[in-house]
2 protein chains.
Amino acid sequence: MSAQIEKSTGERFSEDEVLRQIEQAVLDHRLPPGTKLKEVQLANLFGVKRGLIRKVLTRLAHSRLVDQTPNRGATVARPSVKEGRDLFAARRAIESAILETLIARSDEQMVSRLRKMLEREQKAYRRGDSEKALAQSVDFHRQLAALAGNGVLEAFLNDIIRRTPLVILAHLGDEEQNRCRNREHAEIVAAIEERDTRRAVKVMHQHLLHIESKIRHKPEAQKADLATLLRPLPEATT
Amino acid sequence: MSAQIEKSTGERFSEDEVLRQIEQAVLDHRLPPGTKLKEVQLANLFGVKRGLIRKVLTRLAHSRLVDQTPNRGATVARPSVKEGRDLFAARRAIESAILETLIARSDEQMVSRLRKMLEREQKAYRRGDSEKALAQSVDFHRQLAALAGNGVLEAFLNDIIRRTPLVILAHLGDEEQNRCRNREHAEIVAAIEERDTRRAVKVMHQHLLHIESKIRHKPEAQKADLATLLRPLPEATT
DNA sequence: GATAATAAAATTGTTAACAATATATTAGTA
DNA sequence: TACTAATATATTGTTAACAATTTTATTATC
């Protein structure tokens, strides 16, 4: 039926590696919502035992990337448009709180570290590397969360970020958008430097609304073959 | 070594039931942080197979009530004081966002439903039933989250509420505190009715700070026997 | 006695075989 | 054909036996 995925080294896949591969395929829409994820099929595909696949599917179900029904197996999750909007709304709340926390304890070192991130992001989009630019952009948000120092909020944000690609139709691509994101990020850093919480929160809010307005919330989807999982996309990540 | 826990009906425990029992024991501090949770011991205790215990421990680990280390098993989690404070800080952010969302879509029916909850809470503490009063109080917060209609925020709050008992030393008990909580809840409902978001958020903030100030963040803990799990406490829940 | 090396026991991790359930196929009936 | 019932296949769920690892106990050496 379908070929096998091999590691370049010839070793066997670890649980985490299998998890990442499937997760990435889901987030890239190579495995569209509703796709049945059969245990033996996946086990053969990766050359691992079914028990391992089972654990992976359970973990994916927990992070809501996969739906599991007793005795009926797992499918790629099909989040509703409402869920997508809820995700974005929650993100605005979380990131606002992160900024408030961050600014309360910010210092020069933090600001300079953020500036370095901005530069890297800028470089990426200027040389037209949209994929990298997007990844850097996401890292900027993660970095804010890390610097804020609240592990709970950080975990929540990471959860949201992980789930987001599944609820949107396509990733943001063109250069104009990349530049725009970068400018908004810079504005946030400026507000942090001035310790202007209100402004930072306001800009972040608009930034996130802006992002949400640019994407299309994914409405419904068709079916596709599991073997499509084989080749990774040349496209972006988050 | 240790006796067996039996269901009154004589049936076998389901996975969810075992989960709840262990979770409750952890949250009641009957199983203090650091306690080793051995698979065979638990399996014998509940009269179930080891595989089921295994799944339960993994689930508990995911909700951070249990720490799992490869090849070294599971122990009751020992959250730091910082983690406790982070949890409360995150809660303030989440519940503020919930209130903002709720008020934006509130109507008469919602308000009256909340009023009913207030009454039940009041009844409980007036008749001196602290346990019930505390449970009702927690339900009030859950209800706010549900009425707000954002499933993501609701899930986050439930996660926080579930983890909270583990980071505090003891549950809030005396009648004065019960009355105080109830009064603050009433004030929040009043603000919702007037659609006064700013006030609602402010009162909620103070309410949560108040709660946090009344508890003691749990610093460290000793060891205890697993069999203590047998008898449930006569004490409160969350 | 203290420490290190070795052996024994206990504990967790994996798997192949089996059981239970759900889905697909076929046969039967109007 | 359209529908139902019966059967076969495919898929998920469970478990007992085994493997790997860690912990405890024992012995040896200083």
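Keep in mind it's a predicted model, so treat the numbers as computed, not measured. Reminder, nothing fancy here: chain letters follow the sequence lines and each chain counts from 1.
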*Going 5' to 3' through nucleotides 10-15 of chain C, assign each nucleotide B (protein heavy atom under 4.0 Å from a base atom), S (under 4.0 Å only from sugar-phosphate atoms) or - (no protein heavy atom that close).*
-SBBBS

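Take D86(A) and apply the side chain to side chain donor-acceptor pair (under 3.5 Å) test, not counting sequence neighbours, and it matches K82(A). For H210(A), the ring pair (Phe, Tyr, Trp, His ring centres under 6.0 Å) test picks out no residue, with sequence neighbours left out. Applying the side chain to side chain donor-acceptor pair (under 3.5 Å) rule to N71(B) yields no partners; only residues at least two apart in sequence or on another chain are considered. The side chain to side chain contact (heavy atoms under 4.5 Å, CB included) check on Q136(B) picks up R120(B), E121(B), K132(B), with sequence neighbours excluded. With sequence neighbours excluded, the residues satisfying ring pair (Phe, Tyr, Trp, His ring centres under 6.0 Å) with H62(B) are H62(A).
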